[in-house]
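The structure appears right after this line, and notes come after that.
On a predicted model such as this, the values are computed, not experimentally measured, just so you know. The basis for the numbers below is simple: all heavy atoms, side chains too, and nothing from hydrogens, waters or symmetry mates.
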Amino acid sequence: MHILCIIDGMGDEGFSFSRMPTLRQAAREGAWGLFDTVPRGMSPETLPCTLSLLGVPEELIPRFGRGAAEALGAGLCPEPEDLILRGSWVSLDRKGRVTGFARPPEKLPDGVFPLEGYRSLILLKGAAGDAAGLVVFPPHDAFGALWEELSPRGEGVLPGLFASWREGDRALIPWGASSGRLPEFSRPGTAVAAAGVVKGAARALGMKLICPRGATGETDTDLFAKLAAAEQAEEAGESFCLLHVGGADEAAHRKDAREKAEFLRRVERELLPGLFIPGRRVLLCADHGSSPGTGAHLSTPQPFVLFGGARRGNLGLLPGGRAISLLEEEIWPGLS
């Protein structure tokens, strides 16, 4: 079986294989290098980076697809003319500055649907035409900013709704605007994932989706359950599995370096020893980096390890779109 294991937001300014002995040993036995995971002209976000690693051509990766993927992951069925956004509830200090993420209120505003934790999905019927000139601000890049500064820019209904989504020291920040459909591209196999955007991407690509009990997109996820789900797919004869592990990215967004480091230690203890076994081919990488210093995503090249493949040693810097061919091809075809 071939497994593409994506550790969401694994890399950062201080990341090193030396902190993960099992990963370091897998690299010694196989190959390693760096992926340029961010498609040209796009931001280092989970959806475009993951689609690129799954082999979706750059020209098919939507620039505004995050909301559509989240909607699919949540089991919603928006129409093509609807505007969909990711929403994050944040806490505000007395001056109205963003201090962190917050739990949503018990009663959500109209058109706002609950996701996991502080996350929500915003569905504005018939407003897809507003997306082209819309400018929104991801809250994990804006800790310390004034709430008013995060108001969407552009025409349409969203800027007017923004003010109504504040409740005292808590507010909803819309971002990740989406219109249209996700790419018409097929990726046979199984996806083991709990993060809504990855679940949605897997469904859009026609993959079988497994979200085992106890699996979340957070640092409290059950890593043993995720590994067991991948092993079940292997036993069922699946040839490819996407194993997505959230948690590190969320800790980085909270600017909690200790939490991120501890979660990666859990990945080292609970996931990697059972993942890297003889007879299985595994490509482990990050979709993008996540800085616990700034809380923001990083567009810098991200480390990968190939275990059980035909290559050995340092493969250097490769495009993220080569991940699938690197994982599946028996003979390296060259980089031209």
Side-chain angles (χ1 to χ4, degrees), residues 1-39 44 46 48-58 187-192 223 226-227 230-231 233-234 238-245 248-249 264-265 267-290 298-336:
M1 186 186 196
H2 298 162
I3 297 178
L4 173 61
C5 180
I6 298 178
I7 310 296
D8 200 324
M10 177 178 66
D12 55 41
E13 300 91 340
F15 179 81
S16 171
F17 285 172
S18 65
R19 300 181 182 180
M20 304 178 75
T22 304
L23 188 59
R24 185 174 69 247
Q25 182 60 35
R28 287 174 177 169
E29 296 178 12
W32 71 92
L34 296 171
F35 279 142
D36 185 359
T37 63
V38 185
T46 295
C49 294
T50 298
L51 290 176
S52 178
L53 290 169
L54 285 170
V56 178
E58 282 190 351
R187 172 70 253 180
T190 293
V192 179
L223 295 172
K226 283 195 169 182
L227 178 60
E231 291 172 340
E234 185 176 35
E238 288 286 356
S239 61
F240 174 79
C241 178
L242 167 64
L243 175 57
H244 181 268
V245 178
D249 187 51
L264 290 178
R265 284 192 288 269
V267 170
E268 165 69 26
R269 295 191 308 267
E270 300 175 13
L271 179 66
L272 300 191
L275 183 63
F276 295 120
I277 62 173
R280 179 186 292 159
R281 187 173 300 187
V282 179
L283 177 60
L284 185 146
C285 59
D287 51 351
H288 54 71
S290 293
L298 302 173
S299 59
T300 51
Q302 295 300 301
F304 71 82
V305 170
L306 175 65
F307 175 84
R311 294 285 115 185
R312 297 291 183 272
N314 188 351
L315 302 183
L317 176 63
L318 302 176
R322 296 294 183 117
I324 289 296
S325 62
L326 179 61
L327 176 64
E328 295 185 337
E329 290 178 355
E330 295 297 333
I331 300 175
W332 186 246
L335 298 179
S336 61

Nearest-0.5 Å distance that lies between atom [atom1] in [X] and atom [atom2] in [Y]:
X: Asp287; Y: Ile7; atom1: CG; atom2: CD1; value: 9.5 Å
X: Cys5; Y: Leu283; atom1: SG; atom2: CG; value: 9.0 Å
X: Arg280; Y: Leu275; atom1: CZ; atom2: CG; value: 6.0 Å
X: Glu234; Y: Ser239; atom1: CD; atom2: OG; value: 11.0 Å
X: Leu284; Y: Ile6; atom1: CG; atom2: CD1; value: 9.5 Å

Of all residues at least two apart in sequence or in a different chain, which pass the ring-ring contact (aromatic ring centres under 6.0 Å, His included) check with Phe276?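 Phe276: ring-ring contact (aromatic ring centres under 6.0 Å, His included) contacts with Phe307.
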Please identify each residue that fulfils side-chain hydrogen bond (donor to acceptor under 3.5 Å, both in side chains) with Glu231, with sequence neighbours left out.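 Glu231 satisfies side-chain hydrogen bond (donor to acceptor under 3.5 Å, both in side chains) with no residue once adjacent residues are dropped.
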Can you sort out the partners of Thr50 under side-chain hydrogen bond (donor to acceptor under 3.5 Å, both in side chains), two or more places apart, ordered by chain and number?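 Thr50: no side-chain hydrogen bond (donor to acceptor under 3.5 Å, both in side chains) contacts found.
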Student check: side-chain heavy atoms of [X] and [Y] closer than 4.5 Å:
X: Ile3; Y: Phe240; value: no
X: Leu23; Y: Pro303; value: no
X: Met20; Y: Val267; value: yes
X: Phe304; Y: Thr37; value: no
X: Cys285; Y: Leu53; value: yes
X: Leu4; Y: Leu54; value: yes
X: Trp32; Y: Leu315; value: no
X: Leu298; Y: His288; value: no

Which residues pass the side-chain contact (heavy atoms from CB on, under 4.5 Å) test with Arg312, sequence neighbours left out?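 Arg312 satisfies side-chain contact (heavy atoms from CB on, under 4.5 Å) with no other residue.
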Which residues pass the side-chain contact (heavy atoms from CB on, under 4.5 Å) test with Ala191, sequence neighbours left out?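 Ala202, Met207, Leu209, Leu242.
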Can you give me the closest heavy-atom contact between [X] and [Y], atom names plus distance?
X: Gly11; Y: Ala286; answer: N-CB, 4.2 Å
X: Arg311; Y: Ala31; answer: O-CB, 3.7 Å
X: Arg281; Y: Leu327; answer: CD-O, 2.7 Å
X: Pro39; Y: Pro48; answer: CG-O, 3.6 Å

So which pairs with a foot in residues 1-21 pass salt bridge (Lys or Arg N to Asp or Glu O under 4.0 Å), sequence neighbours left out?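 Non-adjacent pairs meeting salt bridge (Lys or Arg N to Asp or Glu O under 4.0 Å): Asp12-Lys260.
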Please determine whether a side-chain nitrogen of the Lys or Arg among Glu328 and Arg187 lies less than 4.0 Å from a carboxylate oxygen of the Asp or Glu.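 A salt bridge is present here (some side-chain N lies under 4.0 Å from a carboxylate O).
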Verify side-chain contact (heavy atoms from CB on, under 4.5 Å) between Asp36 and Thr300, making sure each step is shown before the conclusion. CA-CA 7 Å; Asp36 185 359; Thr300 51; over 6 Å; no
Assess the residue pair Gln302 and Leu34 against the criterion (side-chain contact (heavy atoms from CB on, under 4.5 Å)); give the C-alpha distance rounded to whole Å, side-chain angles, the decisive distance to 0.1 Å, and a yes or no. CA-CA 5 Å; Gln302 295 300 301; Leu34 296 171; 5.9 Å; no
Lys226 (side chain) donor-acceptor with Val192 (main chain) under 3.5 angstrom: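 No; judged by distance alone, with no hydrogens or angles, the pair does not exist.
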Donor-acceptor contact below 3.5 Å, side chain Glu268 vs main chain Thr22: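 Confirmed, Glu268 side chain pairs with Thr22 backbone.
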Evaluate Val38 against Ser52 for side-chain contact (heavy atoms from CB on, under 4.5 Å), listing each step before the verdict. CA-CA 8 Å; Val38 185; Ser52 178; over 6 Å; no
Kindly determine whether Leu223 and Val245 satisfy side-chain contact (heavy atoms from CB on, under 4.5 Å), including the steps that lead there. CA-CA 8 Å; Leu223 295 172; Val245 178; 3.7 Å; yes
